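All values reported here derive from a predicted model rather than from experimental measurement.
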Amino acid sequence: TAARLARVSEEFICRCENEELVTARIMLHGKKGLCFADVSKLKLARHLHEDMGLDLEAVYLVLQYRNQIKILQRRLEELEQFKRQKSRNT
């Protein structure tokens with residue numbers, strides 16, 4: 001189960017769902033479950049909450065900022081690639 005994979009309780013998963021950190025979906029077997037990305041988020045949420053002492057609202061913000069940084073990094077890589085291609089063509 002997702003709880004076992006992320007080493008969290010079912011209660012923690014419910015709290016994370018309530019804070020919109022993860023989203024349960026109906027899986028192929030017909031039961032509610034989490035995708036791999038959400039299990040990874042749960043692991044990080046557990047670390048931030050239990051080890052770092054952040055409340056779940058702060059965890060939400062950290063995950064949002066982390067996602068924004070990833071998006072910006074991808075965009076920067078695209079711009080750098082475009083710049084390299086353009087300099088080769090001139």
Can you measure from [atom1] ([X]) to [atom2] ([Y]) and round to the nearest 0.5 angstrom?
| X | Y | atom1 | atom2 | value |
| --- | --- | --- | --- | --- |
| Leu48 | Leu63 | CG | CG | 6.5 Å |
| Arg74 | Glu77 | CZ | CD | 8.5 Å |
| Thr23 | Lys41 | OG1 | NZ | 6.5 Å |
| Leu28 | Lys31 | CG | NZ | 13.5 Å |

Applying side-chain contact (heavy atoms from CB on, under 4.5 Å), run through Lys43 and Arg7 and close with a yes or a no.
CA-CA 7 Å; Lys43 289 179 183 180; Arg7 296 183 179 144; over 6 Å; no
Pairwise side-chain contact, [X] with [Y], heavy-atom cut-off 4.5 Å (strictly under):
| X | Y | answer |
| --- | --- | --- |
| Lys83 | Leu79 | no |
| Glu19 | Glu57 | yes |
| Leu42 | Phe12 | yes |
| Val62 | Met52 | no |

Should Leu61 and Ile69 be regarded as members of a common hydrophobic cluster, given that ILVMFWY residues are connected when their side-chain heavy atoms come within less than 4.5 Å of each other, either directly or indirectly?
no
Which heavy atom in [X] sits nearest to a heavy atom in [Y], and how many Å separate them?
| X | Y | result |
| --- | --- | --- |
| Arg46 | Ala6 | NE-O, 3.0 Å |
| Ala45 | Cys16 | CB-SG, 4.4 Å |
| Leu34 | Met27 | O-CE, 3.8 Å |

Given the options Val22, Thr1, Leu5, Val39 meets side chain to side chain contact (heavy atoms under 4.5 Å, CB included) only with Leu5
Would you say [X] has more than 12 foreign heavy atoms packed within less than 6.0 Å of its [atom1]?
| X | atom1 | answer |
| --- | --- | --- |
| Arg4 | CZ | no |
| Glu11 | CD | no |
| Glu20 | CD | no |

Quick one, Glu17 with Ile13, criterion side-chain contact (heavy atoms from CB on, under 4.5 Å). Give me CA distance, side-chain angles, the key distance, then yes/no.
CA-CA 6 Å; Glu17 282 184 272; Ile13 293 175; 3.9 Å; yes
Under the 3.5 angstrom rule, does the side chain of His49 hit a backbone N or O of Leu54 as a donor-acceptor pair?
yes
